[in-house]
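Here is the structure we will look at, set down as structure tokens.
Numbered from 1 within each chain, the chains take letters A, B, ... in sequence-line order.
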Amino acid sequence: MPELPEVETVARQLAPLVAGRRVTRLAIHDRAKLAPPGARLAERTVGRVMRVGKRVLIELQPAPAARGGSTGLGAAGAAVPGAAPLWLAVHLRMTGRLVFGREIPADTPRPHVRAQLFLDGGVISFIDPRRFGTFEWLRSPEEAVPDAVDPTENAFTPECLAALLRGSPQPLKTWLLRQDRLVGIGNIYASEILWHARLSPFRAAGRLKRDEIARLHAATRAVLTAAIEACGTTFSDFQDAHGLTGSYQRFLAVYEREGEPCLRCGGPVARRTQAQRSTYWCRGCAAGAVARGGAHSEP
DNA sequence: GGGTACCTGAAA
DNA sequence: TTTCAGGTACCC
């Protein structure tokens, strides 16, 4: 379930459930996707849980006994095992989910449970049918910060967006999926954002006019904000006791609505494969922008 | 850039 | 049986 709003939702919902709990052990049920942490895990305490880009970061604070010096160094200057900060960075990719459960499950994990972090009074399970998800150990959250702008942050302004777009010949939809310019937008929200901005997915990203960039900026902010408020978009309805679900699917304007009437003009929603992914858009609504800005192989 | 690969399950 | 799926790394 992972675009920016879904990952943000996971981090927000997980944080209060796990903060302050003591770590007991980590279990990897899948082939090793995660190297040993290189530091002691037991006796650490879960600290912050946050989203960075599309990843969830879980802070594992040093064990109290090892916390004596804030430097994490012993008297001889050697690193004290367990004293260094440690962060578990999880990328959910296509089908990954992080679920917190209060009961410790039996030794035989449920299907698709690839890893579990056992805590006092509960367990964080990583469930991932397609096994695309990834784990990584970090020493600080800064290591996860991508060289790209987070569209929910204040630094994301129309001027910032204009600078990012400048010179790119890529079609807008493809450009929005890049993670090295703006982080967090995936296949659902790319189509949704462009519909709200009344822009064709096939326009060259670097050729937008000032007012079009303003519309794209506003739509990006509005769609992501609304999706976060709705706790993201959920299609499959797993019935876990503590599974996370969102409700933004009720607000989707074009995604998976091929042939249905456009909510704005009533024309049919179109679908076309673009860079091996489905793009949904309304020809009629995007046509105005095309007429003014010039088509980029508009079908 | 585009194409392919990584995986599995659901739906057509 | 084939196609499609919320992502990204890697190949020419």
Side-chain angles (χ1 to χ4, degrees), chain A residues 1-11 29-34 51-56 89-99 109-115 126-136 144 146-148 151 165 167-195 201-207 220 223-224 226-228 230-240 243-259 271-280 296-297:
Chain A
M1 49 132 115
E3 292 182 44
L4 185 152
E6 291 74 36
V7 181
E8 180 75 30
T9 299
V10 169
H29 304 301
D30 199 3
R31 61 178 180 198
K33 282 207 150 191
L34 184 64
R51 174 188 67 79
V52 176
K54 282 186 185 173
R55 297 206 280 182
V56 178
V90 183
H91 198 304
L92 305 172
R93 295 289 183 100
M94 293 285 268
T95 54
R97 298 189 304 138
L98 281 172
V99 175
R110 298 174 26 221
H112 312 317
V113 175
R114 308 302 182 192
F126 178 64
I127 303 170
D128 185 23
R130 288 177 75 177
R131 299 196 288 165
F132 286 169
T134 60
F135 291 84
E136 204 177 350
D147 186 22
L165 289 165
S168 172
Q170 278 187 305
L172 266 179
K173 160 72 174 351
T174 311
W175 188 90
L176 286 174
L177 291 181
R178 297 176 59 160
Q179 301 298 304
D180 61 338
R181 299 308 215 176
L182 278 181
V183 265
I185 297 170
N187 206 41
I188 296 178
Y189 297 111
S191 285
E192 293 298 309
I193 287 167
L194 290 173
W195 180 84
F202 310 99
R203 291 281 304 282
R207 296 229 177 127
T220 300
V223 167
L224 294 179
I228 290 170
C231 297
T233 301
T234 308
F235 290 134
S236 25
D237 48 347
F238 304 89
Q239 298 298 321
D240 299 279
L244 307 171
T245 57
S247 60
Y248 191 77
Q249 61 274 16
R250 296 191 319 220
F251 304 105
L252 294 178
V254 288
Y255 189 79
E256 289 202 333
R257 292 194 65 242
E258 181 181 16
R271 181 177 88 120
R272 190 189 168 202
T273 299
Q274 194 178 14
Q276 289 82 242
R277 316 290 306 274
S278 284
T279 294
Y280 297 84
H296 181 88
S297 64

Report yes if at least one side-chain N or O of [X] is closer than 4.0 Å to OP1 or OP2 of [N]; otherwise report no.
| X | N | answer |
| --- | --- | --- |
| S278(A) | dA5(C) | yes |
| R93(A) | dT8(B) | no |
| H91(A) | dT8(C) | yes |

CD1 of I185(A) to CG of L194(A): how many Å apart, nearest 0.5 Å?
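Atom-to-atom, I185(A):CD1 and L194(A):CG are 8.5 Å apart.
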Straight-line distance of D128(A) CG to T134(A) OG1, nearest 0.5 Å
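Between D128(A) CG and T134(A) OG1, I get 9.5 Å after rounding to 0.5 Å.
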Between atom [atom1] in [X] and atom [atom2] in [N], what is the gap in whole Å?
| X | N | atom1 | atom2 | result |
| --- | --- | --- | --- | --- |
| E256(A) | dT3(C) | CD | P | 18 Å |
| D180(A) | dG1(B) | CG | C1' | 13 Å |
| Q274(A) | dG3(B) | CD | C1' | 15 Å |
| F126(A) | dT8(B) | CZ | P | 14 Å |
| R114(A) | dC6(B) | CZ | P | 17 Å |
| Q179(A) | dT8(C) | CD | C1' | 8 Å |
| F135(A) | dT8(C) | CZ | C1' | 17 Å |
| Q170(A) | dG1(B) | CD | P | 4 Å |

Return the nearest nucleotide to the side chain of [X]; candidates are [options].
| X | options | answer |
| --- | --- | --- |
| Q276(A) | dT4(B), dG7(C), dG1(B) | dT4(B) |
| H112(A) | dG9(B), dG1(B), dG7(C) | dG9(B) |
| R131(A) | dA5(C), dT8(B), dT8(C) | dT8(B) |

Using side-chain heavy atoms (C-beta onward) and a distance below 4.5 Å, is T9(A) in contact with E6(A)?
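With C-beta onward as the side chain, the pair stays apart.
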Are Y248(A) and V223(A) close enough that some pair of their side-chain heavy atoms sits under 4.5 Å apart?
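They are in side-chain contact.
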When rounded to the nearest Å, what value does the distance between P atoms of dC7(B) and dC11(C) take?
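That atom pair is separated by 16 Å.
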Look at the aromatic rings of F126(A) and F135(A) and report parallel, tilted or perpendicular, splitting at 30° and 60°.
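The arrangement is perpendicular - the two ring planes meet at more than 60°.
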Q179(A): which residues meet the side chain to side chain contact (heavy atoms under 4.5 Å, CB included) condition with it, sequence neighbours left out?
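Counting only residues at least two positions away or on another chain, Q179(A) forms a side chain to side chain contact (heavy atoms under 4.5 Å, CB included) with K54(A), V183(A).
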Are R271(A) and S278(A) linked by a side-chain donor-acceptor pair shorter than 3.5 Å?
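Yes, a side-chain donor-acceptor pair sits under 3.5 Å.
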For a side chain to side chain donor-acceptor pair (under 3.5 Å) with N187(A), tell me which candidate from E3(A), K173(A), E192(A) qualifies.
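Running side chain to side chain donor-acceptor pair (under 3.5 Å) over E3(A), K173(A), E192(A) with N187(A) returns exactly one hit, K173(A).
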Can F132(A) be classed as stacking with the base of dC6(B), given a centroid separation cut-off of 5.5 Å and a plane angle cut-off of 30°?
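Per 5.5 Å and 30° rule: yes, stacked.
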What about R277(A): does its side chain form a donor-acceptor pair under 3.5 Å with the base of dA5(C)?
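Donor-acceptor pair under 3.5 Å: no.
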Using a heavy-atom cut-off of 4.0 Å across all strands, would you classify R55(A) as base, sugar-phosphate, or nothing?
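Since no nucleic acid heavy atom lies under 4.0 Å of R55(A), the category is nothing.
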For DNA chain B, what dot-bracket results from Watson-Crick or G-U pairs at under 3.5 Å, with [ ] for crossers and | for inter-strand partners?
||||||.|||||
